[in-house]
Amino acid sequence: MPRASMIHGSPDEIEAAYYDALARADLEALMALWAEDEEIVCIHPGSRRLVGHAEIRAAWEDILGNGGLHIRPRQLHATQNMMTAVHSVVEEINHGNDTQSEVHVIATNVYMKTALGWRMVMHHASVAPGAAPAEPITSGAMLH
């Protein structure tokens, strides 16, 4: 499907499509979710900042060359206005039978509303130390 015909009606839809494309190791579908602006930014855990389609595509091509990534975004904290949305998530990574110690990734996904619908403009992920944070308590929670 050509890029121009892929319209996403909400940041939630593009985020779901993003993690689905990662799971399927579908580089074309993944890159179609990014804005066409060359100022897009992607930062993988422990890596340098990538700017623009060429750098981001090359990095994802290397990563997805080993197969899909089974990542489930949890604990979404979202803010949104008419033109931008910011999603902060804890990424739960399924390593299958891998005996690797527990690792969780904190990620921020930024979306912008474009003529083609919502598109990703930034993905910034970093490995966080310790155990994954517990699900937040919503009733009676104190902010400070």
Asks: Are the side chain of E55 and the backbone N or O of V51 linked by a donor-acceptor pair below 3.5 Å?
Replies: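 At least one qualifying donor-acceptor pair exists.
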Asks: Considering non-hydrogen atoms only, spot the tightest contact between R119 and A32 and give its length.
Replies: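 Taking every non-hydrogen atom into account, NE-O, 3.4 Å.
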Asks: Centres of the H53 and W60 rings: under 6.0 Å?
Replies: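 No - the distance between ring centres of H53 and W60 does not fall below the 6.0 Å cut-off.
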Asks: First locate atom NE2 of H124, then atom SG of C42, and finally report the distance between them rounded to the nearest 0.5 Å.
Replies: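 The distance works out to 9.5 Å.
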Asks: How many angstroms lie between atom CD1 of I14 and atom NZ of K113, to the nearest 0.5 angstrom?
Replies: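 One gets 12.5 Å once the value is rounded to the nearest 0.5 Å.
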Asks: Any chance you could measure H104, atom NE2, to E91, atom CD, to the nearest 0.5 Å?
Replies: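 Going from the NE2 atom of H104 to the CD atom of E91 covers 11.0 Å.
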Asks: Check the pair I93, V105 against side-chain contact (heavy atoms from CB on, under 4.5 Å), reporting the backbone distance first and the verdict last.
Replies: CA-CA 8 Å; I93 302 168; V105 174; 3.5 Å; yes
Asks: Distance from E36 atom CD to L116 atom CG, nearest 0.5 Å?
Replies: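 Output value for this atom pair is 5.5 Å.
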Asks: Determine the sole option in L69, I71, L30 for which the side-chain contact (heavy atoms from CB on, under 4.5 Å) test with Y19 is passed.
Replies: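 Single pass found, and it is I71.
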Asks: Testing the basics here: between M120 and I40, what is the closest heavy-atom pair and its distance to 0.1 Å?
Replies: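 Looks like O-CG2, 4.1 Å.
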Asks: Begin with the C-alpha distance, continue with both residues' side-chain angles, and end with the deciding distance and a verdict on side-chain contact (heavy atoms from CB on, under 4.5 Å) for L50 and R48.
Replies: CA-CA 6 Å; L50 306 169; R48 66 182 184 83; 3.7 Å; yes
Asks: With side-chain contact (heavy atoms from CB on, under 4.5 Å) as the test, would you mind laying out the steps for V110 and M112 before giving the verdict?
Replies: CA-CA 7 Å; V110 180; M112 183 170 60; over 6 Å; no
Asks: Minimum heavy-atom separation for E39 and V41, please, with both atom names.
Replies: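 Scanning both residues completely, I find the closest heavy atoms to be O-CG2, 3.4 Å.
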Asks: Walk me through it: do L27 and R57 pass the test side-chain contact (heavy atoms from CB on, under 4.5 Å)?
Replies: CA-CA 8 Å; L27 182 62; R57 181 183 182 88; 3.8 Å; yes
Asks: To the nearest 0.5 Å, how far apart are NE2 in H87 and NE2 in H77?
Replies: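 The NE2 atom of H77 is 10.0 Å from NE2 of H87, to the nearest 0.5 Å.
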Asks: For residues G67 and A25, report the shortest heavy-atom separation together with the two atoms involved.
Replies: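 Residues G67 and A25, closest heavy atoms: C-CB, 3.8 Å.
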Asks: Crowded around R24 CZ? As in, over 12 foreign heavy atoms under 6.0 Å?
Replies: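 More than 12 within 6.0 Å, yes.
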Asks: Check A23 against H70 and note the closest heavy-atom contact, atom names and distance.
Replies: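 So the minimum-distance heavy-atom pair works out to O-CE1, 3.7 Å.
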Asks: Indicate whether the side chain of Y111 and that of Q80 have a donor and an acceptor atom separated by less than 3.5 Å.
Replies: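 Distance-only check fails for Y111 and Q80.
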Asks: To the nearest 0.5 angstrom, please state how far the CD1 atom of I56 sits from the CH2 atom of W34.
Replies: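 Reported value, rounded in 0.5 Å steps: 4.5 Å.
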